[in-house]
Asker: 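Have a look at the structure that comes next, please.
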Amino acid sequence: MGKGSGYGKVILFGEHFVVHGVPGLVSAIDSTTDAEVQKGGKGIQIKDERKTAKGYSEEKRLQQLESIERMLKTMGIDPKISLSIRIGGTLPGFSGLGASAASSVAIARAIAQELGMQISDEKINQIAYEAEKAYAGNPSGIDNTAATYGGLMWFKKNMAGGPDKVERLHMRRPIEIIIGSTGKVANTKAMVEGVAERKKKNPEKYDPIFKQAENLSHAGRKALENYDLKKVGELMNENHRLLQEIGVSSKELDMLVDLARKQGAFGAKLTGGGGGGCMVALTPGKDLQGKVLSAIKYLGFEVLSTKIGVEKY
Ligand code: MEV
């Protein structure tokens, strides 16, 4: 049996903007998707044992099958191969945490091991990028990169098609965060397409917002490098406002963001594709993290308590 894992992630600055070449900041979180693959059976059989938001697996089923077809093609494997795939791990299937990219990385690694293929991380990343197209249409590559390598990263898509700019960053100490799930499964592909269409139709509105997003990513990087967490939080709030302006937030996301801030979070924003999915709140220290966690749980939303900047990767 072949085994493999991929990291979940939160985007701290720059989701959606990264698709258009704006740099973004992403951190892997302390949760992974794990896959086991065995040759045999009939066609591609998937047993998904992840904890998911309601309807997640059904909603993503077709995209998941397409992603595996793309993966096999990129790996040069006969598409008629029979494989039994089991997906599990500690990363919940909530939209926004890079669960699709983490599963693609995990499955590609497990397939490679089962078939005795030696594949570098660079190639795994490329396979997962191709697979990610099934879920995100025109992905930036930030999710598969975080899922493959883990850690904290500065990411800038190469709009000319060459290698993306990926810089590994280091933080003085890991920081506690809270992820709150709206419980709504989001269609990343539709969200990414929506932004691209609106941007094209209304450059007068969108171009200045994209410029602000770029400035924010740079300021966010600097604040993180200086470990100025108050500043990081303020900039995350600012980033959420820009995401609202480009039409990717939702009333549940805004509500969770407000709630986290009222409980003392240093900052909060939606994370990932939006339109549902998750919000991330910066909650340094166990006490603050616990307070924000309880408030969100109290309202009946699913919560994940984790850290960014963990360096075990
Ligand atoms: C999804 O996690 C992040 C998006 O920016 C899409 C992408 O970058 O591929 C919305």
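Start at 1 and go down the list; that is how both ligands and their atoms are numbered.
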Asker: Heavy-atom distance under 4.5 Å between the side chains of M236 and V280, does that happen here?
Answerer: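 Yes, side chains in contact.
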Asker: Regarding K189 and the six-membered ring of Y135, is the cationic atom NZ or CZ under 6.0 Å from the ring centre and inside 45° of its axis?
Answerer: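 No, K189 does not lie over the aromatic ring of Y135.
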Asker: Which residue owns the protein heavy atom closest to atom 1 (C) of ligand 1, what's the atom, and how far is it?
Answerer: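 Looking at atom 1 (C) of ligand 1, the protein heavy atom closest to it is D143 OD2, 3.6 Å.
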Asker: Considering only protein heavy atoms, which is closest to atom 8 (O) of ligand 1, and at what distance to one decimal place?
Answerer: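 That would be S140 OG, 2.6 Å.
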Asker: Are any of the N/O atoms on E15, whether in the backbone or the side chain, positioned under 3.5 angstrom from an N/O atom of ligand 1?
Answerer: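 In this structure, E15 places no N or O atom under 3.5 Å from an N or O of ligand 1.
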Asker: Taking only heavy atoms of I142, which atoms of ligand 1 are found under 4.0 Å from at least one of them?
Answerer: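 Contacts of ligand 1 toward I142, numbered from 1: 8 (O).
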Asker: At a non-hydrogen distance cut-off of under 4.0 Å, which region of K157 contacts ligand 1 (side chain, backbone, both, or neither)?
Answerer: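 Under 4.0 Å from ligand 1, K157 contributes no heavy atoms.
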Asker: Judged by non-hydrogen atoms, does M191 sit under 4.0 Å from ligand 1?
Answerer: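 Not so, M191 does not reach ligand 1.
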Asker: Which part of N138 is near ligand 1, with near meaning a heavy atom under 4.0 Å away: side chain, backbone, both or neither?
Answerer: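 The answer is neither; N138 stays 4.0 Å or more away.
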Asker: Around K231, counting heavy atoms of other residues, nucleotides and ligands shown, do more than 12 lie under 6.0 Å from its NZ?
Answerer: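 Counting neighbours around NZ of K231, 12 or fewer heavy atoms of other residues, nucleotides or ligands fall under 6.0 Å, so no.
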Asker: For E132, run the side chain to side chain contact (heavy atoms under 4.5 Å, CB included) check against N138, V105, D143 and tell me which one passes.
Answerer: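 So the option named by the test is D143.
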Asker: Within the structure, is a non-hydrogen atom of G98 found at a distance of less than 4.0 Å from ligand 1?
Answerer: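 Under 4.0 Å: no for G98.
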Asker: Do K73 side-chain atoms and P79 backbone N/O form a donor-acceptor pair below 3.5 Å?
Answerer: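 Not at all, since once roles are kept as given, no pair shorter than 3.5 Å links the two residues.
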Asker: Would you say that I246 contacts Y206 through its side chain, given a criterion of any heavy-atom pair below 4.5 Å between the two side chains?
Answerer: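 Sidechains of Y206 and I246: in contact.
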Asker: Output the list of atoms in ligand 1 that are nearer than 4.0 Å to some heavy atom of V18, sorted by atom number.
Answerer: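 Those qualifying, in numeric order: 5 (O), 8 (O).
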Asker: Which atoms of ligand 1 sit under 4.0 Å from any heavy atom of G273?
Answerer: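 The list of qualifying atoms is 1 (C), 10 (C).
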Asker: Against heavy atoms of P139, which atoms of ligand 1 measure under 4.0 Å?
Answerer: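 Answer, ordered by atom number: 9 (O).
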Asker: Return a yes/no value for H16: is any of its N or O atoms, backbone included, closer than 3.5 angstrom to an N or O of ligand 1?
Answerer: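 Yes: some nitrogen or oxygen of H16 is under 3.5 Å from one in ligand 1.
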Asker: Of all the non-hydrogen atoms in the protein, which one sits nearest to atom 3 (C) of ligand 1, and at what distance?
Answerer: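 Ranked first by proximity to atom 3 (C) of ligand 1 is I11 CD1, 3.7 Å.
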Asker: Tell me if a side-chain donor or acceptor on T283 pairs with a main-chain N or O of E176 at a distance below 3.5 Å.
Answerer: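 It does hold such a pair.
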Asker: Flag this pair as yes if the NZ/CZ of K230 is under 6.0 angstrom from the six-membered ring centre of F266 and inside a 45 degree cone about the axis; otherwise no.
Answerer: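 Yes, a cation-pi geometry holds between K230 and F266.
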Asker: Go through ligand 1 atom by atom and flag the ones less than 4.0 Å from a non-hydrogen atom of K9.
Answerer: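 What qualifies from ligand 1 is 2 (O).
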Asker: Give a yes or no on whether a salt bridge exists between R86 and E36, defined as a side-chain N under 4.0 angstrom from a carboxylate O.
Answerer: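 Answer for the salt bridge query: yes.
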